[in-house]
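Below is one structure; the comments refer to it alone.
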Amino acid sequence: MRAIWKGSITFGLVNVPVKLYSATEEHDLQLHQVHDADGGRIRYERKCEVCGKKVEYSHIDKAYDDGEQTVVLTGDDLDALPAERSREIEVLEFVPNEQIDPILFERSYYLEPDSKSPKAYVLLRRVLEETERTAVVRISLRQRTRLATMRVRDDVLLVQTIRWSDEVRAAEFASLDDDVTVGKREMDLARSIVRDLEADFEPEQYVDEYQEQLRTLVEAKLDQGEALDTAATFGETDDDEGAEVIDLLEALQRSVEKRKGSSASSDADATDDEEGSSGSTRGRASKAGSSKAASSKAASDEESTATKTRTAKKPAAKSGATSTAAKKPAAKKPAAKSTSATSTAKKPAAKSTAASKRKSA
């Protein structure tokens, strides 16, 4: 990293020489504009409206127009401002960490000690950690006097520029003035969803999907040119024709059920893994149990069939035959064949059914 500013932190009579580095960077793919007809690069020219000539950046000054008059401010004028010439990060006060509203934060910068002995730097870092305080500071950076905070991050002092209070707009929306009643059932379901999604924040698990897709598109264009099949590259997606308006309670209920379904699926997978090691032992026990169950079922079927035959009337004769036919597939089960008692038990049932048919005739 390259230092973009040098100065010192001052609090009380303590002076801490530091270098300032940008703590963040953009990962966006840089694009430029071209002419759609021939691909020619589109460039913006700095052109004077008075003389019509192109103007180099070194000959450009800044100005303020109040609607009636224009005031030109040269580079020398701006450099002459006392605040702009300051090379100090002045500590104004130390406030509790939680009192800084995140909406105020802008850009972040690291501070590195710029002296042979970093003792004063370490002292300031430790006192901020121990007191759980954030320093509110004033810094002149890139031709602007800025308000900023200074706190500790990963054993490094971090400066974050913040907006001035009058730069934050008031949140005034008439739609929020309405008296809205939220039911207990809705609150309970919403709490349930929140509990299911509770986690510790790990920014590394989130990725910029748009930039990844943009890079994929660029690489595909380099390989295939204008013949690129976008649908084949990213897969078919159906555009939503319109958002379905559903009841809030119903949406909450669906969300809870969906989360429960996902949890049940995960638990089932875990159970399958645990049972895998003892699968052979359970298999042998299951086969023995199946044989006993088949024998018991055959005996039960015999008794049920005999009872139906004795009590059935003539119109029910057909249903008795149907019932007997329906019972036959059960006798074909592999478990029933493996038990001799089952085969023996089936024979009386067949005779009883034949007798029933003769009586019906």
Side-chain angles (χ1 to χ4, degrees), residues 1-28 57-58 61-62 64 71 73-171 200-206:
M1 291 189 292
R2 182 176 63 87
I4 61 175
W5 185 90
K6 278 188 176 185
S8 60
I9 304 169
T10 60
F11 66 105
L13 298 178
V14 180
N15 185 284
V16 186
V18 291
K19 295 179 182 178
L20 184 138
Y21 301 82
S22 179
T24 60
E25 60 184 0
E26 302 292 337
H27 66 200
D28 292 356
Y57 190 80
S58 58
D61 287 331
K62 297 182 179 181
Y64 171 76
V71 177
L73 300 173
T74 66
D76 293 338
D77 292 334
L78 297 176
D79 291 340
L81 295 175
E84 296 304 316
R85 290 186 285 108
S86 174
R87 308 298 293 179
E88 292 183 348
I89 300 176
E90 181 186 1
V91 176
L92 305 177
E93 56 185 356
F94 295 97
V95 301
N97 295 335
E98 64 274 9
Q99 288 188 0
I100 306 295
D101 192 331
I103 196 176
L104 298 173
F105 291 131
E106 290 183 317
R107 299 189 66 86
S108 301
Y109 303 91
Y110 289 131
L111 291 177
E112 178 193 17
D114 187 27
S115 63
K116 294 181 179 179
S117 174
K119 185 174 183 178
Y121 182 97
V122 174
L123 173 65
L124 178 57
R125 184 190 70 195
R126 288 184 177 178
V127 75
L128 287 176
E129 289 179 318
E130 180 182 319
T131 59
E132 297 183 350
R133 295 269 168 167
T134 295
V136 178
V137 302
R138 182 187 289 117
I139 180 174
S140 298
L141 185 64
R142 291 173 176 168
Q143 297 183 340
R144 281 187 60 188
T145 299
R146 303 170 185 264
L147 194 64
T149 63
M150 183 172 62
R151 60 185 180 87
V152 180
R153 183 181 187 276
D154 296 336
D155 293 333
V156 177
L157 291 179
L158 177 73
V159 168
Q160 291 177 284
T161 56
I162 60 177
R163 295 175 176 86
W164 302 94
S165 60
D166 60 351
E167 293 181 320
V168 180
R169 295 176 176 175
D200 293 326
F201 179 58
E202 298 178 359
E204 297 81 8
Q205 67 177 317
Y206 302 101

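The first residue in the sequence is number 1, and the count goes up from there.
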Closest non-hydrogen atoms of Glu106 and Arg163, given as atom of the first, atom of the second and distance, are OE2-CG, 3.5 Å
Given side-chain hydrogen bond (donor to acceptor under 3.5 Å, both in side chains), test Ser108 with Gln160 step by step and report yes or no.
CA-CA 4 Å; Ser108 301; Gln160 291 177 284; 3.3 Å; yes
CD of Gln99 to OG1 of Thr134, rounded to nearest 0.5 Å, is 9.5 Å
Derivation of the side-chain contact (heavy atoms from CB on, under 4.5 Å) call for Asp155 and Arg125
CA-CA 7 Å; Asp155 293 333; Arg125 184 190 70 195; 3.9 Å; yes
Is any side-chain heavy atom of Leu157 closer than 4.5 Å to a side-chain heavy atom of Ile9?
yes
Hey, what's the ring geometry for Phe201 with Tyr206, parallel, tilted or perpendicular (30° and 60° as the breaks)?
parallel
Would you say the side chain of Tyr21 lies within less than 4.5 Å of the side chain of Glu112, judging by non-hydrogen atoms?
yes
Distance, nearest 0.5 Å, that separates OG1 of Thr10 from CD of Glu88
4.5 Å
Verify the neighbour count for atom CD of Glu129: are there more than 12 heavy atoms of other residues, nucleotides or ligands below 6.0 Å?
yes
Chi angles and distances behind the side-chain contact (heavy atoms from CB on, under 4.5 Å) call for Ile100, Phe105:
CA-CA 9 Å; Ile100 306 295; Phe105 291 131; 3.5 Å; yes
Test Leu104 against every option in Thr161, Thr149, Val168 by the side-chain contact (heavy atoms from CB on, under 4.5 Å) rule and name the one that passes.
Val168
Which heavy atom of Asp61 sits nearest a heavy atom of Gly75, and at what distance?
OD1-N, 4.1 Å
Pairwise distance OG1(Thr24) to CZ(Arg107) - rounded to 0.5 angstrom
4.5 Å
Whether the side chain of Asp101 engages the backbone of Ile103 through a donor-acceptor N/O pair (distance < 3.5 Å, no angle test) should be reported.
yes
Heavy-atom closest contact (Leu92 atom, Leu147 atom, distance):
CD1-CD1, 4.0 Å
Glu25 CD: over 12 foreign heavy atoms closer than 6.0 Å
no
Determine, step by step, whether Ile89 and Leu111 satisfy the side-chain contact (heavy atoms from CB on, under 4.5 Å) criterion, reporting the C-alpha distance in whole Å, the side-chain angles of both residues, the deciding distance to 0.1 Å, and the verdict.
CA-CA 11 Å; Ile89 300 176; Leu111 291 177; 3.9 Å; yes
Nearest-0.5 Å distance that lies between atom CD1 in Ile139 and atom CZ in Arg87:
8.5 Å
Ignoring hydrogens and angles, tell me if any N or O in the side chain of Trp5 forms a donor-acceptor pair with the backbone of Ser140 under 3.5 Å.
yes
Please indicate whether Asp200 has more than 12 foreign heavy atoms, meaning atoms of other residues, nucleotides or ligands, lying under 6.0 Å from its CG.
no
Is atom CZ of Arg146 surrounded by more than 12 heavy atoms (other residues, nucleotides or ligands) closer than 6.0 Å?
yes
Specify the closest pair of heavy atoms between Tyr109 and Leu20, including all atoms of both residues, with the distance to one decimal.
CD2-CD2, 3.3 Å
Taking every non-hydrogen atom, the tightest pair across Met1 and Ser22
SD-O, 3.8 Å
CA sep, side-chain torsions, deciding dist, call: Val16, Phe11, side-chain contact (heavy atoms from CB on, under 4.5 Å)
CA-CA 9 Å; Val16 186; Phe11 66 105; 4.2 Å; yes
For Asn15 and Ala120 the tightest heavy-atom approach is O-CB, 4.4 Å
Close side-chain approach of Val91 and Met150, heavy atoms under 4.5 Å
yes
Crowding at CD, Glu167 (>12 non-hydrogen neighbours, <6.0 Å):
yes
